[in-house]
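These notes are about the structure you will find just below.
Counting convention: from 1, in listed order, for ligands and their atoms alike. None of these values were measured; they are calculated from a predicted model.
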Amino acid sequence: MAFPITRLRRLRSSEPMRRLVRQTELSPADLVMPFFIRPGKGERRPIASMPGHYQYSVDELEKAVGEAVSVGVPAVILFGIPEKKDSRASGAYAADGIIQRACRSLKNRFPKLVVIADLCFCEYMDHGHCGVIKNGVILNDPTLELAAKTAVSQAKAGADIVAPSGMMDGQVAAIRKGLDRAGLEMTPILAYSAKYASAFYGPFRDAAESPPSFGDRSSYQMDAANLREALRETALDLEEGADMVMVKPALPYLDVLSEIRRRFDAPLAAYSVSGEFAMIKAAASKGWIDERKVALEALTGIKRAGADFILTYYAIEAARWLD
Ligand code: PBG
C-alpha cells in the first residue's frame, strides 16, 4: 500500500511512539570492556592514542574494573603486557603470567563478572608476531601447541572464556582439545573468526606494545577485500568447536557481520577496535562531532547489523550514557 494510505512518519511522531516500534535496543548488558594490564604496582599509564584508557597494574585494574561493574557492564576482555618477551611467548602461559594474575584477582574480587582472556602471542613474542617464527616464516602448527597450553593456563587461572585471536588454522580445535584434556570442558571459546589485517588496530599496538618488528600480519589475518572467506573461517571455527564467533573490526565490516548473522546461529560478537574509538575521540575533541551521539549511533549500527554483543572501548561511557 502506497502513499497517501501509508505514511511512515505516523510512527515517528513522538519519542514514546518511536520507542514502541524501535527495532534495536542497546543495553549495557551488550558491552564488553577491554583492559590492558602491565607489571608493577600502582601503575596507571595513559595510552596517548586512546584517551581515557590506561595500562594498569593488577592492583589498579581492580579499581578500573569496579567502575565497569558498577555501571552494569557484564564482561571484560584482558590483554597483557608481560615483563619480558621471548621467542616462545612463555609469558602467555606462565602460571604467574600477567593475565593469569589478573584473572585470579578479578574473579576473586568480582565473582559474577565474565572475564574473557584474549589468547594471542604478539604481546609475548620478542618479534611481535602472533605465532612461532622460523627463518622469517610464521609457523602454524607449532603455534597451536602454545595456544592449547595458554588456554589451559588462562582457564585454570579463572578466565570464564578464552578468545583466540591469532588467526592460525586449526587453533579452535587445538584449544578445545587442550581444554577438554585438562578437565576444562565447560570453558567456552570465543573465536575471532573473521579478523582482518586492519590499519584500524594502530592505537592498540601502542597500548599493548605489540607491533610486529618486521613485515605485517597479512599472512594470517584476512584481506579486507574478502567476505566469502569470512564465511569459510566462521564455518570452520564452528566445526572445530567455537561456542561464539566474532568479526573484527566492526564498522568497516558491517556487511560481514550481517552475512554471518544470516547464515549461522551461534552467538556473534563484534569488536569495535582501537582505531574506531580513536577516530571518534579525536573528532570529538576538536568539537567536530557530538561524541555521545556518534558513539551510541555506531554501537547501535553494529548491533543492528547482527552483533549480539560488542567489545568496545566505549563500554563504560556508553553504559553511563544509556542509564
Ligand atoms: C592481537 C590483537 C590485536 C587486537 C586485538 N588482539 C592487534 C593485532 O592483531 O595487531 C586489536 C584490537 C584493537 O585494535 O582494538 N592479535
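- Applying the 4.0 Å criterion to heavy atoms of Arg217 picks out, from ligand 1, the atoms 8 (C), 9 (O), 10 (O).
- Taking a cut-off of under 4.0 Å to the non-hydrogen atoms of Lys248, the atoms of ligand 1 that pass are 2 (C), 3 (C), 4 (C), 5 (C), 6 (N), 11 (C), 12 (C).
- Judged by distance alone, the side chain of Asn140 and the main-chain N or O of Met168 form no donor-acceptor pair under 3.5 Å.
- For ligand 1 and Phe79, the ligand atoms under 4.0 Å from any heavy atom of the residue are 5 (C), 6 (N).
- Residues Tyr314 and Glu291 bring a donor and an acceptor atom of their side chains to less than 3.5 Å of each other.
- Salt bridge annotation for Glu259-Arg263: present, with a cationic side-chain nitrogen under 4.0 angstrom from a carboxylate oxygen.
- Within 6.0 Å of the CZ atom in Arg18, the count of heavy atoms belonging to other residues, nucleotides or ligands exceeds 12.
- The main-chain N or O of Ala250 is found under 3.5 Å from a side-chain atom of Glu276 such that the two form a donor-acceptor pair.
- Residue Glu276 places no heavy atom under 4.0 Å from ligand 1.
- For ligand 1, the atoms closer than 4.0 angstrom to any heavy atom of Gln221 are 8 (C), 9 (O).
- Which parts of ligand 1 touch Tyr313 is read off a 4.0 Å heavy-atom cut-off, strictly below it: atoms 12 (C), 13 (C), 15 (O).
- Contact annotation: the side chain of Ser153 approaches that of Gln100 to within less than 4.5 Å [non-hydrogen atoms, C-beta and beyond].
- Considering only non-hydrogen protein atoms, atom 3 (C) of ligand 1 sits nearest to Phe204 CE2, 3.3 Å.
- Side-chain contact between Ser272 and Phe277: absent, with no pair of heavy atoms (C-beta onward) separated by less than 4.5 Å.
- Set against the non-hydrogen atoms of Cys122, the atoms of ligand 1 under 4.0 Å away are 1 (C), 16 (N).
- Counting the atoms of ligand 1 from 1 in the order shown, those under 4.0 Å from a heavy atom of Lys195 are 1 (C), 2 (C), 3 (C), 6 (N), 8 (C), 9 (O), 16 (N).
- Both tests hold for Lys248 against Tyr201: distance to the six-membered ring centre under 6.0 Å, angle to the ring axis within 45°.
- Distance from atom 14 (O) of ligand 1 to its nearest protein heavy atom, with residue and atom name: Ser274 OG, 2.7 Å.
- Residue Phe277 places no heavy atom under 4.0 Å from ligand 1.
- Close approach of ligand 1 to Ser165 (heavy-atom distance below 4.0 Å) involves ligand atoms 1 (C), 6 (N), 16 (N).
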